[in-house]
Amino acid sequence: MSLQELSEQEILRRESLQKLRQLGIDPYPAALYPVDAFAAQIKDNFEDGKQVCLAGRMLSQRIMGKASFAEIQDASGRIQVYFNRDELCPTEDKTLYNEVFKKLLDLGDFLGVKGYVFKTQVGEISVHVTEFQLLSKSLRPLPLPKTDASGVVHDAFTDPELRYRQRYVDLVVNRQVKDVFIKRTKLFNAMRDFFNRAGYMEVETPILQAIPGGASARPFITHHNALDIPLYMRIANELYLKRLIVGGFDGVYEFSKNFRNEGMDRTHNPEFTAMEIYVAYKDYNWMMEFTEQLLEHCAMAVNGTTIATFGEHTIDFKAPYKRVTMRQAIIDFTGFDIHQKTEEELRSAAQSMGIEVDQSMGKGKLIDEIFGEKCEGNYIQPTFITDYPKEMSPLCKVHRDDSSLTERFELMVCGKEVANAYSELNDPIDQRERFEEQLKLQERGDDEAMFIDQDFLRALEYGMPPTSGLGIGMDRLIMYLTNNPSIQEVLFFPQMRPEIQSSKVQLNDTEGAILKMVQEQKQIELSTLRAAFDISNKLWDTSLKTLTKNQLVSVFKEQDTLIVKIVG
RNA sequence: GAUUCCGUAGCUCAGCUGGUAGAGCAAUACACUUUUAAUGUAUGGGCCCUGGGUUCGAAUCCCAGCGGAAUCACCA
């Protein structure tokens, strides 16, 4: 990168860097800095005169001649520090203060300071610096929001694109963003803690899978060179966890990064995190109780209360949660009873509710549409919706009282699914038939029907104990617990389109002339173009290569003739 | 995928019916020994997203593209 491409401020910071080196100051020292205090802790337990050593980024500087204030931000928060020229430079040489501190340090630099705690005349807890050291120089200016006396933030760094692409900057200047991710980690820790105390085991299963099973979704595909086979990024880990139950573990869980090659929006990212847990000898009734206990525990651990605010809604994760069968839910909101209705009856009922239907929809799909359209959005408080139609749930055990239903529940919060659980299907023959039905759906054109995993069926044939499994969308859950309506806000690095490098290409005269000629003709035969320039073969070759490399023109073959064409 | 809105200084944003590009913060220089959105004075900083078009003249109007956001559709 040439200096001309840098902004004025970046050039100045690079110059400061050089001046520091000339003064014998290493802007990137190697030695550890003996930090023994943190900003928040100093402010929470004020001890006048206490010696402290802390480090962090300098985010503001208020220079008043021979004395100055600055703010240092460490991992815990910010604290004001006080610099006094004649204390830092007791001799005639005032370079350290006048040059280094006042001129060569910039906002964003990492500083280590030693000093003692005191309160200023205005009463702000601060550190009186007796010694300071540059720990790392920052070469780019940070966006610096300011908060005024009434707490209003000015010049906030808010552009979502910049915030997501440069999350490191977002985290430095936006405290509330950091808090979201701290809560995210608290949630994971709380869940682990809950499961571990119950005696269940955290496990790891393959992310690269030969058969992407356990859910209905389009997978990412990749290739293993040594085996020369396609491999898929997992869309779910369910079938592997069940294999472990077959293997004799009582309870296994995994926080699973899953990958789905589908659309992105406010609630979907191509990679997302699910938690799945499988417990032997349990059913979905047990799992409902377990789930409500779990979520109450997690809400407390994250927010210190079971109450959470999400947009206009106030939700309470305190157990127990209401339980409503899907049949009852539909009766409640439409007056229509789906029990023992034929496909045709369901279709006309759906139609009369103003739902778009078509002939490819089976019973399960129709019921799902009615529920999704008329009921789902009404469940704001955590509610278990139970007993889903069989067609929707190929991995779930048939309901003990009604063979058209399955023992499945979903937990709805704010009208969206947060968790999904089954009494797991462990009858290998039934499971094979269900997979085969999926295959038929696939043949009918349903491109999201499940693949058949023969090895999983083999495992089931050896016998899997009755088991209940639960999956929780971790990203969605943390959205609710932190009042964030978009998944990008709870992922450190949400997927974005790649940044385009808008580096301007510098062309020499020959390259410019060639480009101009091609531009005039849109496309031109290579031989004609070559003949138009009286230059050496070598110059011709390098010029054309520069143009193609920078994707200004492309060369292609059409019936043995080489054509040069403008790109774009 | 459709529709709407947005893209101007390091950051946040003005910029009218087309006529030499603006503010605050940040930066630079000077002053200032307990300030706190520090203050005062002065100064510098722009491919106005990209490419076409209309025009004597485009940040502004039109078209296309790129990037982002929101709503909807699709998808769990």
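Sequence lines set the chain letters: A, B, ... in the order given, protein chains first and strands last, and positions in each chain run from 1. Computed from a predicted model, the values in this text were never measured in an experiment.
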Any N or O donor-acceptor pair under 3.5 Å from the base of B:A26 to the side chain of A:Gln9?
yes

Per atom distances to the A:Leu12 side chain, the nearest of B:G10, B:U12, B:U28 is B:U28

Once base and sugar-phosphate atoms are separated, protein heavy atoms under 4.0 Å mark nucleotides 33-41 of chain B, 5' to 3', with B, S and - as BBBBBB---

Select base, sugar-phosphate, or nothing to describe what A:Arg476 touches, counting heavy atoms under 4.0 Å on all strands.
nothing

Between B:U12 (P) and A:Glu161 (CD): distance, integer Å:
11 Å

Would you tell me if any nitrogen or oxygen in the side chain of A:Lys103 comes within less than 4.0 Å of OP1 or OP2 on B:C30?
yes

OP1 or OP2 of B:A69 sitting under 4.0 Å from any side-chain N/O of A:Arg266?
no

What is the separation between atom CD on A:Glu99 and atom P on B:C30, rounded to the nearest whole Å?
9 Å

Can you name the salt bridge (charged side-chain N to carboxylate O under 4.0 Å, His left out) partners of A:Asp159, sequence neighbours left out?
none

Is any NZ, NE, NH1 or NH2 atom of the basic residue among A:Asp170 and A:Lys178 found under 4.0 Å from an Asp or Glu carboxylate oxygen of the other?
no

Is there a side-chain contact between A:Arg140 and the phosphate of B:G10, meaning an N or O under 4.0 Å from OP1 or OP2?
no

Could you please name the option among B:U12, B:G10, B:G44 that lies closest to any side-chain atom of A:Phe157?
B:U12

